[in-house]
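Next up is a structure, given as structure tokens.
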Amino acid sequence: MQQKPYNAQDIEKKWQTRWQNEGAWNCSVDAQKKKYYVLEMFPYPSGNIHMGHVRNYCIGDVIARSKRMQGFNVLHPMGWDAFGLPAENAAIKHHVHPAEWTYANIDTMRSQLKRLGYSYDWRRELATCRPEYYRWEQEFFLRLLDKGLVYRKKAPQNWCPSCHTVLANEQVIDGLCWRCDSQVEQKELTQWFLRITAYGEELLADLDLLAGKWPERVLAMQRNWIGKSLGCEVEFSLPSPVDGTTSLKVFTTRPDTLFGVTFLTLAPEHPLVEALIRGKDNEEEIRDFITRIRNMDRLDRQAETLEKEGIATGASVLHPLTGKAIPIWLGNFVLASYGTGAVMGVPYADQRDFDFAKKYALPVIPIIEPKDGLPSEQTCAMTGEGTMINSGEFNGLANEEAKLAITKKLESLGKGKASVQFRLRDWNISRQRYWGAPIPVVYCEHCGVVPEKPEKLPVLLPLDLKVLDDGRSPLPQEESFTSCTCPRCGGQARRETDTMDTFMESSWYFARYTSARESTAAFSAEAMDYWLPVDQYIGGVEHAILHLLYARFFTKALRDLGIYPKKLAEPFSNLLTQGMVLKEGSKMSKSKGNVVNPTEMIDRYGADTVRLFCLFAAPPERDFDWSDAGIEGSSRFLARVWRLFMDSGQRLLPVAACSATAQDATTTLLKDLRRKEHETVKKVRDDLCERFQFNTAIAQIMELVNAMYLAREKMGQEPHEKRIFSSAMATVLTLLSPVTPHLCEELWELMGHKGRLGDEGWPLVDERALEKDLLNIAVQVNGKLRANISVPAGLDQKALEEAALANDSVKRHTAGLGVKKIIVVPGKLVNIVAK
RNA sequence: GCGAGGAUGGCGGAACUGGUAGACGCACUGGAUUUAGGAUCCAGCGGUUCAUCCGUGGGGGUUCAACUCCCCCUCCUCGUACCA
């Protein structure tokens, strides 16, 4: 065979073309085969792919290719999350239409992805901005509306002044817009909401189904975000009705502290405040307080450092169990949006209430005696467990028991009930943006809000509009869009001009891939039944709450609408959150000028080297620092594999991996090489297919290559020797092929094989090949390593002990000591306990 | 504060159920080859007073044996927070 240098560019082009022509990665429903659906989070078509994408998709591709070799029918698709604000910003900046910009970016990025040789079924490619896609979303919207899971509500909303749109709660991060970091304002608007809270309980409970399959921290973040609290709603009655209201409700997780209540605190926004303070002596003063608090910046008001402030209203309520009058205060720390907007003040057991009581000289009633007794002077709230005191009939109970007892008592009196609170709020999906899917409703003068008829879908987003220079949507001004007839009465009506949050599109795209070209329905039932759920989902941890929570909710809602299969509880069975690709310890960014361009790297080293390095540099879930020396090393390894192959010339026979037999292994050298081959198959199978530890899989293959270099020097060219060597070579190519498919296919072909390496099955390990004639046994004396001895396999315990004791070093370390005990770990170690 | 994760050579990282700590790679050193450099191949590479002793953030403990299990502490990263 003639020596050829490794030319990655030519090889990669050749195989990518061949794969495409052969439709190598096309898949379809096959009830005879076990399916495996591997999915990477689809990209936003921002312009160019970056290293984060490359890493994400390399992980997915190795899994897809490995699973195929394992005999699974693999679905591995790719598409574009194509609606969104950056397209509009680009439109303003570069005077292009968002659609034009988006489709051009998709073309660029698709060709960049293709250069990496990912094994996608491109026939299933989708872009969420196409009417063929979003029309189904509009249909889901209507069906959810019909089911009462979509509703319209006027409320203060998160408003980003720079993006000219509202934001969902999940999209406000530290009071700033998740996308542009602008300070988010509150604005009263009528908006469309998805009733995600109806699924709060299930979204929380089903996280248990994902335990061990999703990263613990993602589960924790979701639990946290849903924020379920068990407690009690307590009703404090007013001495006389105020504006027709007879009582004030508070939510507490500590009903056991009810007898310690010495005041009630209301949010300044509480609906009853106005009536409560009317006519009070210091009404003006109270009003000033309320105005001041309400006008405070939202961020400042929520700041940890904000001092607790309050004012007495002069009004009071009656304690539900003692009947004592309890003064009502207003407090700047009470949130109108959580619970009932009112809290009971228990300074003894709550630090916040304690501080508040100290500041305003309010009384403290001890109600739980800790194990070590009451402190002579209380300097902070007592939050620990103990025995009830000063609590009437509940005295003497453990406070944990009292929680239930007091709740029951309140229930029997009709003054309270067990209650659950969630932090989760409904999902505002209205966006005052142009580049999104239109919300399919109209406003009719006679009929009011009317849903569009399903047969009229899609409500097309007009593409002949220009985004306004200040970034606002052109839709409200566009007569041809807004003007329409009412689906109900046929009269003049106006179309909704808000579009849907783009997180709607990403909440169901994974299901659309199962039948992406279906035009008569959103999904083909057969395909969906077969492929869903996604077996392995891969993406960045930044989506831990937003996207993953929405997609989980959507899945449950669509299941309940009968759209998804009944049995589908969760969309993503397993989740891998990959780490970031850093440069010099920090995130790559244009402003820092530390961006490593994947295309440049492919030009210089080839896609296989880039793929190899991305997977070898670190375990997938960890961040890794891009290193120029590191990728050189990966490049060197592939050149080394190439050279090993090329320099082996006549030794190479067109054999399969693990094809050499035990009879071929006539010498220790050959046996050792064959053992190494089979050890490698075993380890790599585990690391690639089960543990997703690609770095150690690659390390193991490197070991085999190193062993082949050494063995080759000492090997002859007898037929059985050729078979041993060629088998090992075939194994290297087979195991490495999910990582560096182009190189491996090329060498496979040069080896003389007719079929594609990608169609080979996973090599079978011969367990007997793993056995050794001589075992290397570590000998310890009192737990410290003192010798390594080589013994024949199959030695019994006694003989092994004798061999260990006979060792010089061991003799030295046991000299003068009595051997108390000998522990033998078969095949590994002998520990001699001597005193 | 609460929740999750982490700390191992000069560096990235191995060690899966407790059983030879540092696989593999990078960097470095030496040798071979070469006019030279590069590339390549081979070897070395935690520290040390080198047949010793010390070493997996620190301190205790369990065990014949601990990176691994238990208790306490420090630091780092991420998330979250007047949530009643």
Side-chain angles (χ1 to χ4, degrees), chain A residues 173-174 215-225 227-229 231 250-254 257 265 267 301-308 331-335 337-346 350-353 355-356 383 421-423 541-542 544-545 612-613 616-619 621-625 627-634 636-637 639-640 643 647 683 686-687 690-691 693 695-703 705-706 709-710 713 776-788 808-809 812-813 820-835:
Chain A
I173 297 165
D174 294 335
E216 189 49 49
R217 70 168 167 153
V218 174
L219 297 175
M221 280 161 76
Q222 294 228 347
R223 273 190 204 107
N224 222 315
W225 189 264
K228 180 181 177 179
S229 300
V250 302
F251 173 74
T252 180
T253 54
R254 294 292 307 272
T257 65
T265 320
R301 189 169 161 190
Q302 302 231 331
E304 194 175 353
T305 47
L306 182 71
E307 201 183 324
K308 279 152 208 47
N332 62 345
F333 58 89
V334 183
L335 304 173
S337 57
Y338 185 78
T340 61
V343 289
M344 57 187 216
V346 185
D350 182 279
Q351 188 58 43
R352 202 184 36 201
D353 295 342
D355 295 341
F356 196 78
T383 53
Q421 285 293 325
F422 284 88
R423 210 186 80 107
V541 75
E542 65 273 17
I545 294 173
L612 178 69
F613 181 58
F616 181 60
E621 65 281 359
R622 221 179 288 193
D623 288 351
F624 89 83
D625 214 52
S627 126
D628 295 332
I631 193 168
E632 284 288 345
S634 291
R636 213 175 296 158
F637 171 67
R640 193 167 146 84
R643 226 176 298 113
D647 294 349
K683 164 93 173 145
D686 236 39
D687 286 354
E690 311 300 330
R691 301 202 312 147
Q693 296 292 296
N695 54 331
T696 50
I698 294 164
Q700 182 72 32
I701 299 170
M702 286 172 168
E703 283 191 54
V705 170
N706 291 344
Y709 262 94
L710 293 180
E713 297 309 306
N776 187 29
I777 303 289
V779 184
Q780 298 180 332
V781 177
N782 293 327
K784 290 194 173 182
L785 182 69
R786 295 304 178 193
N788 267 302
D808 283 348
S809 170
R812 204 159 349 100
H813 285 95
K820 295 273 179 227
K821 197 169 158 190
I822 300 181
I823 285 129
V824 177
V825 182
K828 282 203 166 157
L829 163 146
V830 176
N831 187 14
I832 296 156
V833 186
K835 270 194 176 164

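Naming: A, B, ... by sequence-line order, numbering from 1 per chain. FYI, side chains are in, hydrogens and waters are out, and symmetry mates aren't considered; it's all heavy atoms of this structure. Small disclaimer: the values here were computed from a predicted structure and weren't measured.
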Query raised in the report: Contact class for V250(A) (heavy atom, under 4.0 Å): base, sugar-phosphate, or nothing?
Result: nothing

Any N/O pairs under 3.5 Å between the protein and nucleotides 2-7 of chain B? List them or say none.
{"from": "A4(B)", "atom 1": "O2'", "to": "R217(A)", "atom 2": "N", "distance (Å)": "3.4"}

Report summary line: 5'-most contact on RNA chain B (nearest-nucleotide basis), Q780(A) vs S229(A), goes to Q780(A)

Report summary line: note: M344(A), atom CE; C82(B), atom P; distance rounded to Å ~ 20 Å

Report task. Consider the side chain of R691(A), meaning its heavy atoms from C-beta on, and name the nucleotide among U20(B), C82(B), A15(B) that approaches it most closely. Result -> A15(B)

Query - Any H813(A) side-chain nitrogen or oxygen under 4.0 Å from OP1 or OP2 of U52(B) - result: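 Yes, H813(A) has a side-chain N/O under 4.0 Å of OP1/OP2 on U52(B).
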
**Report entry** Whole-Å P distance, G12(B) and A7(B)
**Finding:**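 G12(B) and A7(B) have their P atoms separated by 11 Å.
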
Query raised in the report: Choosing from C82(B), A81(B), A23(B), which nucleotide comes nearest the side chain of A699(A)?
Result: A23(B)

Query raised in the report: Between U20(B), C24(B), C16(B), which one does the side chain of F616(A) approach most closely?
Result: C24(B)

Query raised in the report: Closer than 4.0 Å, any side-chain N/O of K828(A) to the OP1 or OP2 of G19(B)?
Result: no

**Report entry** Distance, nearest 0.5 Å, that separates CG of L335(A) from OG1 of T340(A)
**Finding:**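 Reported value, rounded in 0.5 Å steps: 11.5 Å.
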
**Report entry** Candidates A21(B), A84(B), U52(B) - which lies nearest the side chain of R812(A)
**Finding:** U52(B)

Query raised in the report: Under 4.0 Å between a side-chain N/O of Y709(A) and OP1 or OP2 of C42(B), yes or no?
Result: no

Report summary line: Relative to its sugar, using the 90° cut-off around 0, the base of C50(B) is syn

Query raised in the report: Atom CD in E216(A), atom CE in M221(A): separation rounded to 0.5 Å?
Result: 12.0 Å

Report task. Name the nucleic acid region contacted by V343(A), choosing base, sugar-phosphate or nothing; use a 4.0 angstrom heavy-atom cut-off, strictly under. Result -> base

Requested in this report: Using atom CD of Q700(A) as one end and atom P of G25(B) as the other, report the distance to the nearest whole Å.
Outcome: 12 Å

Query raised in the report: Side chains of V779(A) and N788(A): closer than 4.5 Å at any heavy-atom pair?
Result: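 No, every pair of side-chain atoms sits at 4.5 Å or beyond.
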
Query raised in the report: Is any side-chain N or O of N706(A) closer than 4.0 Å to OP1 or OP2 of G25(B)?
Result: yes

Query - Whole-Å gap separating C1' (A27(B)) and CD1 (I631(A)) - result: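 I631(A) atom CD1 is separated from A27(B) atom C1' by 17 Å.
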
Query raised in the report: Okay, side chain of Q421(A), backbone of F251(A): is any donor-acceptor separation there less than 3.5 Å?
Result: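 Absent.
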
Requested in this report: Could you check F616(A) against F637(A) for side chain to side chain contact (heavy atoms under 4.5 Å, CB included), going step by step and ending with a plain yes or no?
Outcome: CA-CA 11 Å; F616(A) 181 60; F637(A) 171 67; over 6 Å; no

Query raised in the report: So, is R223(A) close to the C83(B) phosphate, meaning a side-chain N or O under 4.0 Å from OP1 or OP2?
Result: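 False: R223(A) side-chain N/O out of range (4.0 Å or more) of C83(B) OP1/OP2.
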
Query - Short side-chain N/O contact to C54(B) OP1/OP2 from K784(A), under 4.0 Å - result: yes

**Report entry** P atoms of C69(B) and A23(B), separation to the nearest Å
**Finding:**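 Per the computed distance, 22 Å lies between those P atoms.
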
Report task. Nearest 0.5 Å please: distance from the CZ atom of R254(A) over to the CE atom of M344(A). Result -> 8.5 Å

**Report entry** Rounded distance in Å between the C1' positions of C28(B) and G10(B)
**Finding:** 9 Å

Query raised in the report: Looking at U52(B), C83(B), C82(B), which one has an atom nearest to any side-chain atom of R786(A)?
Result: U52(B)

**Report entry** C70(B) and G47(B), which share atom name P, separated by this distance in whole Å
**Finding:**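 Roughly 32 Å separates the two P atoms.
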
Query raised in the report: What distance, rounded to whole Å, do you find between the two P atoms, one in C54(B) and one in G60(B)?
Result: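 Going atom to atom, P in each nucleotide, I get 14 Å.
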
Requested in this report: Based on the glycosidic angle (syn within 90° of 0, else anti), state the conformation of G12(B).
Outcome: anti

Query - Short side-chain N/O contact from R643(A) to OP1 or OP2 of A39(B), under 4.0 Å - result: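 For A39(B), OP1/OP2 do not have a side-chain N/O of R643(A) under 4.0 Å.
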
Query - Candidate nucleotides C64(B), C83(B), C24(B), ranked by approach to the side chain of E703(A) - the nearest - result: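 Nearest listed nucleotide: C24(B).
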
Query raised in the report: Closer than 4.0 Å, any side-chain N/O of R254(A) to the OP1 or OP2 of C83(B)?
Result: no

Query raised in the report: Just checking I545(A): base, sugar-phosphate only, or nothing, at a heavy-atom cut-off of under 4.0 Å?
Result: nothing

Query raised in the report: Looking at the side chain of R640(A), which of G19(B), C42(B), U80(B) is the nearest nucleotide?
Result: C42(B)

Report task. Could you tell me the separation between the CG atom of L612(A) and the CG atom of N695(A), rounded to the nearest 0.5 Å? Result ->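 If I round to the nearest 0.5 Å, the distance is 11.0 Å.
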
Query raised in the report: Which residue lies toward the 5' end of RNA chain B, N695(A) or R352(A), if each is placed at its nearest nucleotide?
Result: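 The residue whose closest nucleotide sits nearer the 5' end is N695(A).
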
Report task. Could you work out the separation of G9(B) and G25(B) based on their C1' atoms and round it to a whole Å? Result -> 14 Å

Query raised in the report: Given the P atoms of G6(B) and A14(B), what is the spacing between them in whole Å?
Result: 11 Å

**Report entry** Short side-chain donor-acceptor distance under 3.5 Å, R423(A) and N224(A)
**Finding:**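 Side chains of N224(A) and R423(A): no pair found under 3.5 Å.
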
Query raised in the report: Would you call H813(A) and N782(A) a side-chain contact if the rule is heavy atoms closer than 4.5 Å?
Result: no

Report task. Output yes when K683(A) and D687(A) qualify as a salt bridge under the 4.0 Å nitrogen-oxygen rule, no when they do not. Result -> yes

Query raised in the report: Is the shortest side-chain N to carboxylate O distance from R643(A) to D647(A) below 4.0 Å?
Result: no

Query raised in the report: How far, in whole Å, is U63(B) from U68(B) if one measures between their C1' atoms?
Result: 13 Å

Requested in this report: Let me have RNA chain B in dot-bracket notation, would you? Count Watson-Crick plus G-U wobble pairs, both distances under 3.5 Å, and use [ ] for pairs crossing earlier ones and | for inter-strand partners.
Outcome: (((((((..(((......[....))).(((((.......))))).((.....))..(((((..]....))))))))))))....

Requested in this report: Kindly say whether R786(A) contributes a backbone atom to a donor-acceptor pair with the side chain of S809(A) at under 3.5 angstrom?
Outcome: yes

